[in-house]
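Following: one structure in structure tokens, then a few remarks.
Position 1 is the first residue of the sequence; numbering continues from there. This one's a predicted model, so the numbers in the text were calculated from it and none came from an experiment.
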Amino acid sequence: MPIALGMFFATNNARAQAPATEAPAAPLVVVPPGDKHQSKARPQDHRFWDKENDWLFAGVGASRTLDYFSTLNLRRRGDQEILVTNDLVDDHAAFAVVEAAGTGVSIGASYLFHRYGHHKLERWTSIVHIGLTTAGAVRNYSLKSAHPKATP
């Protein structure tokens, strides 16, 4: 214990003897050499609301609108909706809000990918969304009606 106290006071005294105008030396920081992947040129960044994203987002909105009308048509023909409840689809205003929210979520996901530098995923989010939603709408229109045939 006396040795530890002696070392403590010795270091405090040694620090106190430095002139007040002299700044303490900055710690030495060793920076490792650059990684070979860092030397590659990053793809040129783009604005989020560029022309390509504008078209992709318009496509997402159009495909969600197509899905909205195809699902209403499906319900009018007597079929059952499988992804959401029939009560939701039958409430047209609520179903329109769900479709608009789906568009908003897609744009939000694209923004997150853009924000963190995943520009290919940013674009592919909209492309996949358009493809899946349009395929679902085509499926809805191609199903046979569930109404029983009237007998004379």
(request) Determine, step by step, whether Phe95 and Val84 satisfy the side-chain contact (heavy atoms from CB on, under 4.5 Å) criterion, reporting the C-alpha distance in whole Å, the side-chain angles of both residues, the deciding distance to 0.1 Å, and the verdict. (result) CA-CA 9 Å; Phe95 188 51; Val84 295; 4.3 Å; yes
Roughly how far, to the nearest 0.5 Å, is [atom2] of [Y] from [atom1] of [X]?
| X | Y | atom1 | atom2 | result |
| --- | --- | --- | --- | --- |
| Asp87 | Asp91 | CG | CG | 9.0 Å |
| Leu88 | Thr71 | CG | OG1 | 10.0 Å |
| His114 | Thr125 | NE2 | OG1 | 13.0 Å |
| Arg76 | Ser145 | CZ | OG | 11.5 Å |
| Ile107 | Leu56 | CD1 | CG | 10.5 Å |
| Asp67 | Glu99 | CG | CD | 4.5 Å |

(message) Does Phe57 have more than 12 heavy atoms from other residues, nucleotides or ligands lying within 6.0 Å of its CZ?
(response)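 It does: Phe57 CZ has more than 12 such atoms within range.
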(message) Could you walk me through whether Tyr68 and Arg64 satisfy the side-chain contact (heavy atoms from CB on, under 4.5 Å) test, starting with their C-alpha distance in whole Å, then the side-chain angles of each, then the deciding distance to 0.1 Å, before giving a yes or no?
(response) CA-CA 6 Å; Tyr68 173 80; Arg64 294 303 293 215; over 6 Å; no
(request) Apply ring-ring contact (aromatic ring centres under 6.0 Å, His included) to Trp124 and Phe113, showing your working. (result) CA-CA 10 Å; Trp124 276 100; Phe113 285 132; over 10 Å; no
How close do [X] and [Y] get, counting heavy atoms only, and between which atoms?
| X | Y | value |
| --- | --- | --- |
| Ser63 | Ile130 | OG-CA, 3.8 Å |
| Ser70 | Tyr141 | CB-CE1, 3.3 Å |
| Gly102 | His129 | O-CE1, 3.5 Å |

(message) With a 3.5 Å distance limit and no angle check, can you tell me whether Asn86 reaches the backbone of Gln80 through a side-chain donor-acceptor pair?
(response)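 Checking the backbone N and O of Gln80 against the side chain of Asn86, no donor-acceptor pair under 3.5 Å is found.
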(message) When you measure from the side chain of Ser142 to the backbone of Arg139, do you find a donor-acceptor pair of N or O atoms at a distance under 3.5 Å?
(response)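 Checked: pair present.
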(message) Quick one, Phe48 and Glu122 - any side-chain contact, counting heavy atoms below 4.5 Å?
(response)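 Counting from C-beta outward, Phe48 and Glu122 do come under 4.5 Å.
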(message) Is there a side-chain contact between Lys144 and Asp79 in this structure, where contact means two heavy atoms from C-beta onward sitting under 4.5 Å apart?
(response)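 When only atoms from C-beta onward are counted, Asp79 and Lys144 do not touch, as no gap falls below 4.5 Å.
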Could you state whether [X] and [Y] fall into the same hydrophobic cluster, counting links through intermediate Ile, Leu, Val, Met, Phe, Trp or Tyr residues with side-chain heavy atoms under 4.5 angstrom apart?
| X | Y | value |
| --- | --- | --- |
| Tyr111 | Trp49 | yes |
| Val89 | Val98 | yes |
| Val105 | Val60 | no |
| Leu74 | Phe69 | no |

(request) In plain terms, say whether Arg123 and Asp50 are close enough for a salt bridge, that is, a side-chain N and a carboxylate O under 4.0 Å apart. (result)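 Looking at Asp50 together with Arg123, the answer is yes, because their closest N to O distance falls below 4.0 Å.
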(request) Start with the C-alpha distance between Trp55 and Ser126, add both sets of side-chain angles, then the distance that settles side-chain contact (heavy atoms from CB on, under 4.5 Å), and finish with yes or no. (result) CA-CA 10 Å; Trp55 281 108; Ser126 297; over 6 Å; no
(message) Would Asn140 and Glu81 count as a side-chain hydrogen bond (donor to acceptor under 3.5 Å, both in side chains) here? Give the steps.
(response) CA-CA 9 Å; Asn140 287 346; Glu81 171 59 34; 4.8 Å; no
(request) Begin from the C-alpha positions of Arg75 and His92 and carry the test side-chain contact (heavy atoms from CB on, under 4.5 Å) through to its verdict. (result) CA-CA 11 Å; Arg75 289 293 297 140; His92 299 283; over 6 Å; no
